[in-house]
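Read the structure below first, then the notes.
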Amino acid sequence: MHVLVASAPDGSVFLQRLDAAGRPAAPPEHLARDGLAGAVRRIEAAERPRWVWRRTPDWYSQLLAGDVPLGRCHDLSLCAGILAHSSYTTGYVPGTAVAAAGHPAPPHALPPAPLSPHQGSLFDHAAPAGPPPEALAAEFAEQLAAVSRSPHRPRLALLLAAESAGSLAAAEMQHAGVPWDARVHDGVLAERLGPRPPAGSRPALLEAKAAELRALLGAPGMNPDSPQELMRALHRAGIEARTTRAWELREYSHPAIAPLLEYKKMARLLTANGWAWLDAWVSDGRLRPEYVVGGVVTGRWSSRGGGALQIPAQVRSAARALPGHRLVVADASQLEPRVLAALARDEAMASAARGRDLYAGIAAAGFGGDRGRAKVALLGAIYGATTGESGRLMPQLARLYPRAVGFVEQAARDGERGLTVTTHLGRSTPAPSERWLASQRTATSEEQRRADTIARDRGRFTRNFVVQGTAAEWAECWIAELRLRLLGLRRKGLRAELVYFLHDEVMLHAEAAAADACAEAVEEAARSAGRLLFPGVPVEFPLSVAVVESYDQAK
DNA sequence: TCTACCCGCGCG
DNA sequence: AAAGCGCGCGGGTAGA
């Protein structure tokens, strides 16, 4: 049922079956490192165990290189991070078992900081050093015990399973990469910026735009990339902007504004996703970002390198299926508001969400059919808006949906008081910062004002945390269910791979013949995620799914 | 010359 | 039209 994989002190690989409580259930096997893939493949086929290891990337990237996909795992390091903070359990301290087993690593630190990308590539196939196998087995048993004594055992168990499945999916996506056509990308750049220039100089169209701008502002030699120079030039031209942000500049009517906004757009494309980006992050026709599972406090993933979680609309046409293949792109519609309706058990909001478009449903129920205002009001409730249109609409929203609004208000009040808040499955906020604690020990009224600001900031954070974090849990359950279905399709000879994940959106690269089955699998996985998180709660999580040749054709 | 920080903008 | 959450990144800038 569980198989621990670890490095033995002598450099061999240590495999051991563990029982349901994490205790050794059979004598360990020692394997030579090059025997690992074969052994794992055999055990996976025969037993479909949950693989237990310190960190998924340590083992799974080499297994994927040997084409050994796995169904389930338990990532001790990620689960330690969750359990250490979770208000759903008590008495768990990460690394205690490791330290007790005599490992010289510092206590409280089962997972040292992740390897830097450079180290990762250098040592990918080297022996991952770390605590001895017995210590990892003891740590696993500690984690299972922490789940067992939780009053929310099923939820916490689901969270650890989903996070671990996420680590498998992340490794698979990094291994596969997004199919990326550098010629298409280069074409986009050439059309918007001009042909690729020598390194260090501006492409022709960008340089021309800079010249036009200098002429219109009467500022020869001005470098538009320098905020200071730009600000001086704007002021001399009578544009009294306080910042150089695009949305503020849009307020002014002056002949230089339009070219300036165009310049900023073009310069952004060049620096963020230009030729240098292509050179650095696309190789062998694939964009291979590194995903950091649980990299955000709320449980969302972050990424390292290439800004993979911010691929701008402008270059999405370069993400193209290979010949004979399709991209299946799916995203969850209005995920966060729907999660809020489920969290708060708000029947009224759930019924407004019954259709495809939640905002339209809410608009019809109480905003005179004005979808835009309904959306602003709801997002304002989730983010904690107090001023502007969104702030003004709050009372109206609260009358319509007292349970939903009350739920986020409670999370905000708790945060302001320095309490921990927790997602549906059990991810809790870290303790308030030292800055927060210090701010509460104040005397003067000046300090008190600052303390209030800090408390309100934390209130907005905790308000959003419960919703964003629970949405991340839904998405992780979704991807977990999806990858199991893809493994099933693979056994039927239908090949498809997960290639991209972005908070509430997934992309598959599938053989054309498998595309429809993939679209169905994505839908099934979403229904399953809803049932796993909120059994019996009548909130729907509809998707929009597109089968396309390139990413820009989706939605 | 190097480092740490801020700004601005892209994504959800 | 534009303030309220979470990120990563590149370039400019200030200080060492």
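The figures here come from the full heavy-atom set of this structure, side chains too, leaving out hydrogens, waters and symmetry mates.
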Mark up nucleotides 6-16 of chain C, 5' to 3', with B wherever a protein heavy atom is under 4.0 angstrom from a base atom, S wherever such an atom reaches only the sugar-phosphate, and - elsewhere.
BSBSSSSSS--
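A:W247 has its CH2 atom 7 Å from the C1' atom of C:dA3, to the nearest Å. Nucleotide B:dC9 holds its P atom 15 Å from the CD atom of A:E262, rounded to whole Å. For the pair A:M507 CE and B:dC11 C1', the computed distance is 13 Å after rounding to whole Å. Here the P atom of nucleotide C:dA1 and the CZ atom of A:R373 are 16 Å apart, to the nearest Å. Going from atom CZ of A:R463 over to atom C1' of C:dG4 covers 9 Å, rounded to whole Å. Residue A:K555 contributes atom NZ, which lies 10 Å from atom P of B:dC11 at whole-angstrom precision. In this structure, A:L379 atom CG and C:dA1 atom P are separated by 18 Å, rounded to whole Å. Whole-Å rounding puts the A:E336 CD to B:dC11 P distance at 17 Å.
Comparing B:dC9, B:dG12, B:dG10 by their nearest atom to the side chain of A:P312 picks out B:dG10.
Among the protein residues, A:R316 comes within range of the sugar-phosphate backbone only, with heavy atoms under 4.0 Å from sugar or phosphate atoms but none that close to a base. Using a 4.0 Å heavy-atom distance criterion, A:A471 is classed as making no nucleic acid contact. Counting non-hydrogen atoms under 4.0 angstrom, A:I311 reaches the backbone sugars and phosphates but no base. Among the heavy atoms of the strands lying under 4.0 Å from A:E251 are primed sugar atoms or P, OP1, OP2 only; no base atom is included.
The OG atom of A:S77 lies 10.0 Å from the CD atom of A:E163; values are rounded to the nearest 0.5 Å. For the atom pair CG of A:L230 and CG of A:L213, the computed distance is 7.0 Å after rounding to the nearest 0.5 Å. To the nearest 0.5 Å, atoms CG (A:L379) and CG (A:L393) are separated by 11.5 Å. Atom CD of A:Q468 sits about 13.5 Å away from atom CG of A:L340, to the nearest 0.5 Å. The structure places CZ of A:F367 at 12.0 Å from OH of A:Y359, a figure rounded to the nearest 0.5 Å.
Nearest-nucleotide positions on DNA chain C place A:R250 closer to the 5' end than the other of A:Y383 and A:R250.
Taking the ring centroids of A:H424 and A:F534, they lie under the 6.0 Å cut-off.
Remark: side-chain polar atoms of A:D284 are not paired, donor with acceptor, to backbone N or O of A:R286 under 3.5 angstrom. Although no hydrogens or angles enter the test, the distance criterion places a donor-acceptor pair under 3.5 Å between the side chain of A:R403 and the main chain of A:R345.
With respect to the salt-bridge test (charged N to carboxylate O, under 4.0 angstrom), the residues A:E549 and A:R326 qualify.
Remark: A:T386 is not in phosphate contact with C:dA3, judged by side-chain N or O atoms under 4.0 Å from OP1 or OP2. For B:dC9, the OP1/OP2 oxygens have a side-chain nitrogen or oxygen of A:K264 closer than 4.0 Å.
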Trace of the side-chain contact (heavy atoms from CB on, under 4.5 Å) decision for A:L482 with A:V522:
CA-CA 6 Å; A:L482 174 57; A:V522 169; 3.8 Å; yes
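Helical stems of DNA chain C (runs of at least 3 Watson-Crick or G-U pairs, donor-acceptor distances under 3.5 Å) are listed by first residue: B:1-12 with C:5-16.
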